[in-house]
Amino acid sequence: METEKEERPLNFLEKIIEDDLKNGRVPNNEIVTRFPPEPNGYLHIGHIKSICINFGLAEKYGGRCHLRLDDTNPAKEETEYIDSIKEDIKWLGFDWGKYEYYASDYYDKLYEIAVRLIKEGQAYVDSLSAEEMKEYRGTLTEPGKNSPDRDRPIEENLRLFEEMKEGKYPEGSYTLRAKIDMASPNINLRDPALYRIKYATHPRTGDKWCIYPMYDFTHPISDAIEGITHSICTLEFEDHRPAYDWATSIDGIEHTPHQYEFARLNINYMLMSKRKLLYLVRNNFVSGWDDPRMPTISGVRRRGYSPESMKDFVNRVGVAKVEGVVDYALMEFCVREDLNKRAKRLMAVLDPLLVVIDNYEDGKTEYFDAEDNPEDENSKSHKVAFSKHIYIEKEDFMENPVKGYHRLYIGNEIRLKHAYYITATSVEKDGEGNIICVHATYDPESRGGTTKDGRKVKGTSHWVSKDHALEAEVRQYDKLFKAEVPGLSTGNYLDDLNPDSLVVIEKAYIEEEARNAKAGDYLQFIRNGYYCVDSKDSRPEHMVFNRTCTLKDSWAKQKAKLGL
RNA sequence: UGGGAUGUAGUGUAAUGGUAACACUGCAGAUUCUGGUUCUGCCUUUGGGGGUUCGAAUCCCUCCAUCCCAGCCA
């Protein structure tokens, strides 16, 4: 099979890179990018975009992409997050190989550079409190003013900084600041803090340090040390680019990387803020970072989304500088498109209605061949048991059929998928008028789902044999939020949580073949949706299936139009 | 109201001075042993105003709208 090279116009980053390559601006012609998450939470779909951009660019231009954990704030960072980040990137199918770095790897080097800056009179130790520093910084429209400590003698700065490092001072007492310009219209240049004192145990360096370098100082220098050529980040860092350029032009820093910004990914009905996601986890609105409703990579993985569909999705979204909101529908389209090709078809009845086939021999069992996937010509088939008592979905029978309904009703003939044609003859009701079961007759000539006379039936229902079915738990997941922009109307995103985001069906009936399904398998319950085995809670004796997403349902739309 | 960015169908993304397009959504129909899939068709677009030009989404001016920045977070 030929791998078709998708003809896609270049995005702005690719144009920049090709231009740089063409004009000899790339050392050794090797593009070096990096994906630099802070290990303070789980990666989410927004990160997939960044991962695909950075790893994708390196792949496309024959360069390399580093994984760098930006661990400069030990107060927020944890080893659990580092592990999950690595797992999630691997799941997507990207490999950073030996290029695994940590900002904390550079603490010594960074300290050295800071000392050099002090010696050159480009940095000073400031004793302003956080509040004072804020006052001195000025506002968006007014310039700031110099700290009284700005002209502290170099020797004193050197001594103080050393003592900060030695742990002689409490948190908040001193900072090291760059001497840039307190009157700059860009607030990031108003003598940004380079180091702060923090007594926190770092996941990697433990208690070795009590001063930690800030992002604006660490990131550009880390990029320079690693030989990054194109440092790609999101739009909110545009204002930091001058700070980035300031840092990479410090004397002694040889390599000069450049920063480029793209618009982060937003999807309606979803939240992509680590802070808010953390809140949902900590306050048990979801079962954890990997709750199948979470937009985290571990969440969508457990939900049953495939890495291929996620990559396809961010690819289709594209890369630009316009901040927009992508339709949830596009993501679901990508998921369905991929799953349609690969999901094994099974029959599962989620809301059972008993059908008794009166003219079928009592106690008899027949096995039919069921194709695993009609979209895949190489797909195999499996056996499905049929008997006199079967379940179909309640939805697939109507006592008084509405216009356009072509499923089972008294006198109507439908096909049982893979099996026989049946015609409903009567219903049995309990004392309250609820239908207990439907009686039907089958046509023995229709075995396998077709007849010699070639007559057409409009409806085909899935079904399971009552006595052969596997009983399992099915978790019907839906969007976590019911509003396009959670929190827009009330100001509180919690108000827009979808109360029906998880509906648990304690006892669903699934054809026996489902017993062989494992976590990671992609399944389709015919006419119900795409499903997977829950990777955490499913047990052989009590299987749990997650709904990945529904199938498109044009009948539901039609019903809605009819006001049903 | 300082600075930085961004405005192209409902949504996202192309077209860089030469016929405004692709995908998703929506709608209509055909096909179908999944009311799925597949196929066909339709709908709708350059924020406003001015200018340059034979010709402007593209260049210039101006207005408007939206987003980001005042952490010792990243």
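Quick note on labels: first sequence line is chain A, next is B, and so on, each numbered from 1.
Using cut-offs of 30° and 60° for the angle between ring planes, the A:Tyr212 and A:His202 rings count as parallel. A:Tyr42 and A:Trp289 have parallel rings, their planes meeting at less than 30° on a 0 to 90° scale where 60° marks the start of perpendicular. A perpendicular orientation is assigned to the rings of A:His47 and A:Phe35, their planes being inclined by more than 60° (bins at 30° and 60°). Note: A:Tyr111 and A:Phe161 have parallel aromatic rings, judged against thresholds of 30 and 60 degrees for the angle between ring planes.
Counting to the nearest Å, the P atom of B:U34 and the CD atom of A:Glu511 are 16 Å from each other. With rounding to whole Å, A:Asp372 atom CG is found 16 Å from B:U34 atom P. Rounded to a whole Å, the NE2 atom of A:His240 is 8 Å from the P atom of B:C69. Distance A:Tyr269 OH to B:U11 C1': 12 Å, rounded to the nearest Å. Per the geometry, CZ belonging to A:Phe333 stands 21 Å off P belonging to B:G10, to the nearest Å.
Judged by distance alone, with hydrogens and angles left aside, A:Glu375 brings a side-chain donor or acceptor within reach of the base of B:G36, the pair sitting under 3.5 Å. Counting distance only, with no hydrogens placed and no angle test, the side-chain atoms of A:Asp327 and the base atoms of B:G12 include no donor-acceptor pair under 3.5 Å. Remark: the A:Gln524 side chain and the B:U34 base include a donor-acceptor N/O pair separated by less than 3.5 Å.
Taking only side-chain nitrogens and oxygens, A:Lys557 comes nearer than 4.0 Å to OP1 or OP2 of B:G26. The shortest distance between the side-chain N/O atoms of A:Arg527 and the OP1/OP2 oxygens of B:G35 is below 4.0 Å. Between B:U34 and A:Ser461, no contact under 4.0 Å exists linking OP1 or OP2 to a side-chain N or O. Between B:U37 and A:Lys341, no contact under 4.0 Å exists linking OP1 or OP2 to a side-chain N or O. Within the structure, every side-chain polar atom (N or O) of A:Arg264 is placed at least 4.0 Å from both OP1 and OP2 of B:A5.
Checking each of A:Leu43, A:Ile85, A:Ile89 against A:Ile297 for a side-chain contact (heavy atoms from CB on, under 4.5 Å) leaves exactly one that passes, namely A:Leu43. Here the options are A:Glu226, A:Arg241, A:Arg34, the test is side chain to side chain donor-acceptor pair (under 3.5 Å), and the partner is A:Ser231; only A:Arg34 passes. The only member of A:Lys383, A:His418, A:His382 that meets side chain to side chain donor-acceptor pair (under 3.5 Å) when paired with A:Asp369 is A:Lys383.
Of the candidate nucleotides B:C73, B:C24, B:G35, B:C73 has the atom nearest to the side chain of A:Glu38. Side-chain proximity of A:Asn11 to the nucleotides B:G36, B:A74, B:A14 is greatest for B:A14. In the set B:U32, B:A5, B:G3, B:U32 carries the atom at the smallest distance from any side-chain atom of A:Lys456. Distance from the side chain of A:Ala329 is smallest to B:C24 among B:C69, B:A70, B:C24. In this structure, the nucleotide among B:G35, B:U25, B:A14 sitting nearest to the side chain of A:Lys552 is B:U25. Across B:G36, B:C73, B:G7, the shortest atom-to-atom separation from the side chain of A:Val322 is found for B:G7. Checked against B:G36, B:A23, B:G12, the side chain of A:Arg316 finds its nearest nucleotide in B:A23. Side chain of A:Glu238, nearest nucleotide from B:G4, B:G12, B:C72: B:G4. In this structure, the nucleotide among B:G35, B:C72, B:C73 sitting nearest to the side chain of A:Ser554 is B:G35. Residue A:Pro185 places its side chain closer to B:G2 than to any other of B:C72, B:U34, B:G2.
For B:U8, there is no paired nucleotide, since no Watson-Crick or G-U wobble pair has both relevant distances below 3.5 Å. Base pairing of B:U31: no nucleotide in any strand meets the Watson-Crick or G-U wobble criterion (both distances under 3.5 Å). The pairing partner recorded for B:G55 is none, the criterion being a Watson-Crick or G-U wobble arrangement whose two distances lie under 3.5 angstrom.
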query: How far apart are the C-alpha atoms of A:Phe545 and A:Tyr531, what are their side-chain angles, what is the distance that settles it, and do they pass the ring-ring contact (aromatic ring centres under 6.0 Å, His included) test?
result: CA-CA 6 Å; A:Phe545 294 89; A:Tyr531 288 80; 7.6 Å; no
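In B:G71 the O4'-C1'-N dihedral to the base is within 90° of 0, which defines a syn nucleotide.
Going from the P atom of B:A14 to that of B:G7 covers 9 Å, rounded to whole Å. B:C59 sits 12 Å from B:U6 when the P atoms are compared, rounded to a whole Å. Atom C1' of B:U46 sits at a distance of 10 Å from the matching atom of B:A9, rounded to the whole Å. The separation of B:C54 from B:U66, taken at their C1' atoms, amounts to 36 Å, rounded to a whole angstrom. Nucleotides B:A57 and B:U13 have their C1' atoms positioned 14 Å apart, rounded to a whole Å. For the P atoms, the distance from B:A74 to B:A70 is 13 Å, rounded to whole Å. Distance check on atom C1': B:A21 versus B:C43 gives 16 Å, rounded to whole Å. For the C1' atom pair drawn from B:G48 and B:C64, the interatomic distance equals 7 Å after rounding to whole Å.
A salt bridge links A:Lys344 with A:Glu513: the distance from a Lys NZ or Arg NE/NH1/NH2 to an Asp or Glu carboxylate oxygen falls below 4.0 Å.
Counting non-hydrogen atoms under 4.0 angstrom, A:Tyr195 reaches nothing in the nucleic acid. Across all strands shown, A:Pro242 has no heavy atoms under 4.0 Å from either base or sugar-phosphate atoms.
At a non-hydrogen distance threshold of 4.0 Å, A:Arg415, A:Lys417, A:His418 from residues 414-421 of chain A come into contact with RNA chain B.
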